[in-house]
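What you see is a predicted model; the values in this text were computed from it and never measured.
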Amino acid sequence: MSISGKVDPVVRSVSFADIADAFGQGLRDFQAAPLYGLAFGAFYAAGGVLILLCLTALHMVYLAYPLAAGFALIGPFVALGLYEVSRQREAGKRPSPMQIVGLIRSRGELGWMAFVTLFLFVIWMYQVRLLIALFLGVSASFGSLQEFISVVLTTNEGLVFLAVGNCVGAALALVLFSLTVVSFPLLLDRDVDFVTAMLTSVRAVVTSPGPMIAWAAAIVLLLAVSALPYFLGLVVTLPILGHTTWHLYRKIVAPVAAEMPETMPERAADNVLTLPQAATRN
């Protein structure tokens with residue numbers, strides 16, 4: 001039972017074939033409703049460009065690389081609208097902007113999940129600054145991104161910083177992926193608390209570690225590559241990954257009917273009226 005007293009969602013194992021099938025379904029959703037996907041993708045990319053401009057104005061453009069790597073962490077939150085588009089299409093309905101916004105606003109637990117996502121993103125950026133201070137110097141500052149990359153790739157301190165930073169970043173990305181890969185779609189689809197949603201998401205990764213970790217690596221790689229040309233690739237990459245996540249959620253979390261306690265069929269059978277044996281002989 002969850003902390004809200006409700007039955008915990010049933011988690012099913014998935015294979016690499018399931019992920020490939022979910023990706024195909026996500027691509028078809030994007031093709032069927034491209035305007036929604038492009039709108040959310042453009043919003044995501046615009047956020048990255050805005051942050052990059054702020055770093056430039058603050059003479060901290062050298063943080064563009066860790067920003068691009070960490071920007072993938074808030075993708076599940078931005079993709080909420082895409083999950084709802086897939087959900088409405090799955091139900092045979094035509095996606096409606098007002099319905100999408102209304103449903104998201106009615107799910108109060110999504111706010112807590114958004115807080116978790118943004119908190120870990122802030123932790124990511126702070127740990128990058130901490131590692132720079134530890135390995136490159138407390139007063140380290142770089143005039144350009146090229147200078148930062150040159151120091152990182154051509155000095156022993158820079159190489160250690162790169163290795164440690166990537167390891168710490170991979171660990172944070174895996175933690176956030178485990179907490180959110182199922183939780184955001186689940187909170188959008190059902191009336192559960194955010195703690196139950198996160199625990200369900202973690203159980204999904206533990207149940208199918210190979211396929212799920214491979215999917216996490218694919219997401220980070222695709223988003224990181226898409227962010228290279230001034231985040232423009234995210235306009236297309238985000239919606240496809242968002243729609244795919246919804247269909248993967250459907251494969252992982254069993255429908256509500258499958259979550260009925262095993263005693264329910266027996267209780268139902270007890271309520272069936274039976275005719276006396278004497279009557280049945282006639």
When every non-hydrogen atom of Ile252 is compared with those of Ala204, the smallest separation belongs to CG2-CB, 3.5 Å
One should read off an interatomic distance between Gln88 CD and Glu84 CD, to the nearest 0.5 angstrom, of 4.5 Å
Thr155 and Val151 have their tightest heavy-atom pair at OG1-O, 2.6 Å
Rounded to the nearest 0.5 Å, the CD atom of Glu109 sits from the CE atom of Met198 at a distance of 9.5 Å
Grouping I, L, V, M, F, W and Y whenever their side-chain heavy atoms are under 4.5 Å apart, do Ile213 and Leu120 come out in a common cluster? no
Less than 4.5 Å apart, any side-chain heavy atom of Thr200 and any of Val11? yes
Here the pair of heavy atoms bringing Leu248 nearest to Ala22 is N-CB, 3.8 Å
Residue set satisfying side chain to side chain donor-acceptor pair (under 3.5 Å) with Arg250, at least two apart, ordered chain then number -> Glu90, Asp189
- Task: Verify whether the ring centers belonging to Trp246 and Tyr249 lie closer than 6.0 Å.
- Result: yes
Using the six-membered ring wherever Trp is involved, compare the ring planes of Trp215 and Phe23 and label them parallel, tilted or perpendicular (cut-offs 30° and 60°).
perpendicular
Taking every heavy atom of Phe194 against every heavy atom of Met113, the minimum-distance pair comes out as CB-CG, 4.0 Å
In short, Pro76 meets Phe184 closest at the heavy-atom pair CB-CD1, 3.7 Å
Residues passing the salt bridge (charged side-chain N to carboxylate O under 4.0 Å, His left out) test with Glu157, sequence neighbours excluded, are none
dist Trp112:CH2 -> Thr117:OG1 (nearest 0.5 Å) comes out at 13.5 Å
*Consider only side-chain heavy atoms of I, L, V, M, F, W and Y, link residues closer than 4.5 Å, and tell whether Phe16 and Leu27 are in one cluster.*
no
* So do Ser201 and Leu186 actually touch side chain to side chain, heavy atoms under 4.5 Å? -> no
Same cluster or not: are Leu153 and Leu136 linked, directly or through other Ile, Leu, Val, Met, Phe, Trp or Tyr residues, by side-chain heavy atoms under 4.5 angstrom apart? yes
Show the atom names and distances, to 0.1 Å, of all donor-acceptor pairs under 3.5 Å that link a side chain in residues 160-174 to residues at least two apart or in another chain.
residue : atom : partner : partner atom : Å
Asn166  : OD1  : Tyr65   : OH           : 3.4
Asn166  : ND2  : Leu162  : O            : 3.1

Sorted by chain and residue number, the side chain to side chain donor-acceptor pair (under 3.5 Å) partners of Thr237 (sequence neighbours excluded) come out as Ser226
Correct closest heavy-atom pair for Ser13 and Ser208 would be CA-OG, 3.1 Å
One should read off an interatomic distance between Leu38 CG and Leu238 CG, to the nearest 0.5 angstrom, of 10.5 Å
Item to check | Worked check of side chain to side chain contact (heavy atoms under 4.5 Å, CB included) between Leu179 and Val202 | outcome: CA-CA 6 Å; Leu179 293 175; Val202 172; 3.8 Å; yes
Checking Arg203 side chain against Pro9 main chain: does a donor-acceptor pair fall under 3.5 Å?
-> yes
Contacts of Phe40 meeting ring-ring contact (aromatic ring centres under 6.0 Å, His included) (sequence neighbours excluded), chain-then-number -> none
Residue pairs meeting side-chain hydrogen bond (donor to acceptor under 3.5 Å, both in side chains), one or both in residues 15-39, sequence neighbours left out, come to Ser15-Asp18, Asp21-Lys251, Asp29-Ser86, Asp29-Arg89, Asp29-His247
Shared hydrophobic cluster for Phe43 and Leu82 (ILVMFWY, side-chain gaps under 4.5 Å) | yes
OH (Tyr126) and CG (Leu131) are apart, to the nearest 0.5 Å, by 14.5 Å
Establish whether Leu221 and Ile240 are linked, either directly or via other cluster members, by ILVMFWY side-chain heavy-atom contacts under 4.5 Å. no
Under a 4.5 Å cut-off applied to non-hydrogen side-chain atoms, are Val122 and Leu118 in contact?
no
